[in-house]
Amino acid sequence: MAPEFRLKDISSLADVRNFDKVESEVVGVEGGKVLVVRVNDEVHALNTKCTHYGAPLKLGVVSPDGRITCPWHGACFNVRTGDIEDAPAPNPLNRFDVYEKDGAVYIRAEPAAIKGGQRDPDVKCAIAEPEKVVVIGGGSGTFGVVQTLRELKFKGSITIISFEPNLPLDRPKLSKALIQDPKMIELRPKEWYNAASIELVSDEVSSVDFDKKTVTTKSKKSYPYTKLVLATGGIPRQLPLPGFQELSNIFLLRFVTDTRDIMAAMGGNNKKVVIVGSSFIGMEVGNALSKGNDVTIIDSLKAPLERVLGEEVGKIFQKNLEKSGVKFKMSASVDKATAKTSDPSKVGAVHLKDGTVLPADVVILGVGVRPATDFLKGNPAVSLEKDGSLKTDESFAVSGLGGDVFAIGDIATYPYHGPGSDPKEGTYTRIEHWNVAQNAGRSVAHTIVHSLASSQPLKPRSFIPIFWSAVGVQLRYCGNTAGGWDSLVLKGEPENVKFAAYYCKGQTVVAVGTVAMDPIMAKSAVLMQRGTMPSKKEIEDGVDVLAVGW
């Protein structure tokens, strides 16, 4: 039996109210803390930090369905078991027995479990079933599928086929921090995949025979499947203008090899950097390179991030990055790139259509991505959408393929059921978020495992999209504007870059973005999931989202 430890900061469990959470030191465990949570009159004790980036869960949101949501990036855990319920948490929490005795509150726990802050998921597997799951891609969605399959005790084979030059990575860190060493941001080391009996194939898929259920790669190898998951992500868009295809030191950013190439071209500070596109990629890279370099961001929009956040909020981020020395050329059109006088093979300047010439040592393109589905073009079994994506049902099963083929992440157009969507059918949309891909992967894994045990379809649990960005400050965002938005309610201190932005369609709040007010985003995501988000008028009238009850 695990040893017993007294909690320093709680004398009675009655002091912890329903849906409340109290962080307490553990007497006798140096630096040890636990989080005590009450849900529906049941009390639970867990580790205190989210296993993703270490956010304090005492600032998270506890909901009646027994989940606690991280205040930073939306990871959810089951308070009864500590298990992961939503991405992007890679590891579950430890759960501890908690009880009262002799006028004090105690837990039973191993000191290492308290101090470790998390537990490794049990994914070890010896293949013992004939099912074969093949996953094409090496990103967030792939990770969500394969880990969840093993967590659910799937005993069939799993094969990942990816042409990426590394194991699945924490890709958001590439643009936010320009990490060059893949080992620093691997989601799991190679030994983890070996232990989980997951085969890793470094190759590029050239075709799929959906009738014969085989995947063929460019090296002419064939891989049979019983279930196929397409998770190929996006391909960064090029700029089809003179000079941009021919000159060197013009970069896209998708892989860790791209960050290496960018940093090699930088070669230190005092470089003139031109970034085409004020997308999240463009803004994050601009922020990362602003110290010690001359950075200019160009876009045809009126304000950075305007398509997602609107002009008013976009200008807040623009002004904030301008304080760090980043320059902006908005409402501008690029004409061409020209070479350096001293080296005609390298870019030397970016020309705008108004005649402006921007000297450039390095150019980075952040002009969006397109679905990586080229290997499916011309395949008679599937019909690609106009944008190149695949249409799926709520379970991410691709239409017309018998429920054996799934598409997730950047390549999936699926029925979104959040606020502002069609109340019956959902609104079909494609969302390029890290969390959406990983949550879709987790959903697919549940569907696959359920299908092996039951002939009844599994009703998928919908989730609210969440994303985040480092653009001089930390932006958190939940919801989606698939059906558009027609007004914005801005609360807080936008002049001090501390605010909550509520995006509304009529009286419905369809999305919420926050800076320096993280718990509001997390609470809003849970309220949206439950269908109880306050209306636009209530927000305008001063309703405190954090005080809204269940």
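All values derive from a computational prediction rather than experimental measurement.
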Within the 6.0 Å centroid threshold, strictly below: Tyr414 and Phe396: yes
Taking the six-membered ring for Trp and the full ring for Phe, Tyr or His, determine whether the centres of Trp468 and His433 are under 6.0 Å apart. no
Do [X] and [Y] have side-chain atoms, one donor and one acceptor, less than 3.5 Å apart?
X	Y	result
Arg442	Gln147	no
Thr413	Ser389	yes
Glu204	Thr217	no

Under 4.0 Å between a side-chain nitrogen and a carboxylate oxygen: does that hold for [X] and [Y]?
X	Y	value
Glu186	Lys183	yes
Lys327	Asp294	yes
Glu164	Arg171	yes
Arg430	Asp387	yes

Crowded around [X] [atom1]? As in, over 12 foreign heavy atoms under 6.0 Å?
X	atom1	answer
Lys58	NZ	no
Lys176	NZ	yes
Lys329	NZ	no

Does Asn435 form a side-chain contact (heavy atoms from CB on, under 4.5 Å) with Phe467? I'd like the steps, not just the answer. CA-CA 7 Å; Asn435 260 23; Phe467 75 85; over 6 Å; no
So, applying salt bridge (Lys or Arg N to Asp or Glu O under 4.0 Å) with Asp361, which one of Lys271, Lys340, Lys272 is it? Lys340
Non-neighbouring partners of Phe317 that pass ring pair (Phe, Tyr, Trp, His ring centres under 6.0 Å), sequence neighbours left out: none
With Tyr416, which residues qualify under ring pair (Phe, Tyr, Trp, His ring centres under 6.0 Å), at least two apart? none
Can any side-chain N or O of [X] pair as donor or acceptor with the backbone N or O of [Y] at less than 3.5 Å?
X	Y	value
Thr148	Gly144	yes
Arg476	Val515	no
Tyr502	Ile539	no
Gln180	Leu174	no
Glu306	Lys302	yes
Thr481	Gly484	no
Asn249	Val362	no
Asn379	Ala381	yes
Ser175	Glu284	no
Lys536	Thr508	no

List the steps, then state whether side-chain contact (heavy atoms from CB on, under 4.5 Å) holds for Ile298 with Leu358. CA-CA 10 Å; Ile298 308 168; Leu358 300 171; 3.5 Å; yes
Nearest-0.5 Å distance that lies between atom [atom1] in [X] and atom [atom2] in [Y]:
X	Y	atom1	atom2	result
Phe328	Glu322	CZ	CD	6.0 Å
Thr373	Lys377	OG1	NZ	6.5 Å
Leu252	Asp258	CG	CG	6.5 Å
Arg260	Asp181	CZ	CG	7.0 Å

Is Lys336 close enough and on-axis enough to Phe244, meaning under 6.0 Å and within 45°, for cation-pi? no
For residues [X] and [Y], determine if any side-chain heavy atom of one lies less than 4.5 Å from a side-chain heavy atom of the other.
X	Y	answer
Phe280	Leu475	yes
Val369	Arg237	no
Ile84	Pro121	no
Thr216	Asp209	no
Val133	Val135	yes
Phe375	Val208	yes
Asn91	Asp120	yes
Val436	Phe463	yes

Solution key, residues 189-202 side-chain donor-acceptor pairs under 3.5 Å, sequence neighbours excluded:
residue, atom, partner, partner atom, Å
Ser197, OG, Cys125, O, 2.5
Glu199, OE1, Thr159, OG1, 3.1

Apply side-chain hydrogen bond (donor to acceptor under 3.5 Å, both in side chains) to Tyr223 and Asp203, showing your working. CA-CA 12 Å; Tyr223 297 87; Asp203 204 343; 5.2 Å; no
Ignoring hydrogens, what is the shortest heavy-atom contact between [X] and [Y]? Give both atom names and the distance.
X	Y	value
Lys346	Ser248	CG-OG, 3.2 Å
Ala482	Thr427	CB-CG2, 4.0 Å
Gly314	Ala303	C-CB, 4.1 Å
His73	Tyr53	CE1-CD1, 3.3 Å
Asp410	Pro371	O-CG, 4.0 Å

Provide the full list of ring-ring contact (aromatic ring centres under 6.0 Å, His included) pairs with a residue in residues 169-188, sequence neighbours left out, each pair given once. none
Begin with the C-alpha distance, continue with both residues' side-chain angles, and end with the deciding distance and a verdict on side-chain hydrogen bond (donor to acceptor under 3.5 Å, both in side chains) for His351 and Thr356. CA-CA 6 Å; His351 298 247; Thr356 302; over 6 Å; no
Checking Ile364 against Val274 for the side-chain contact (heavy atoms from CB on, under 4.5 Å) test, could you report, in this order, the C-alpha distance in whole Å, the side-chain angles of both residues, the deciding distance, and whether it holds? CA-CA 6 Å; Ile364 301 167; Val274 174; over 6 Å; no
Let's go through Thr51 and Gln118 carefully: what are the C-alpha distance in whole Å and the side-chain angles of both, what is the deciding distance for side-chain hydrogen bond (donor to acceptor under 3.5 Å, both in side chains) to 0.1 Å, and is it a yes or a no? CA-CA 7 Å; Thr51 64; Gln118 56 190 283; 4.8 Å; no
Considering only distance and modelled atom types, tabulate donor-acceptor pairs under 3.5 Å from the side chains of residues 493-501, sequence neighbours left out.
residue, atom, partner, partner atom, Å
Glu493, OE1, Asn496, ND2, 3.0

Could you walk me through whether Val471 and Asn320 pass the side-chain contact (heavy atoms from CB on, under 4.5 Å) test, one step at a time? CA-CA 8 Å; Val471 285; Asn320 191 61; over 6 Å; no
Which residues satisfy the side chain to side chain contact (heavy atoms under 4.5 Å, CB included) test with Ser324, sequence neighbours excluded? Ser290
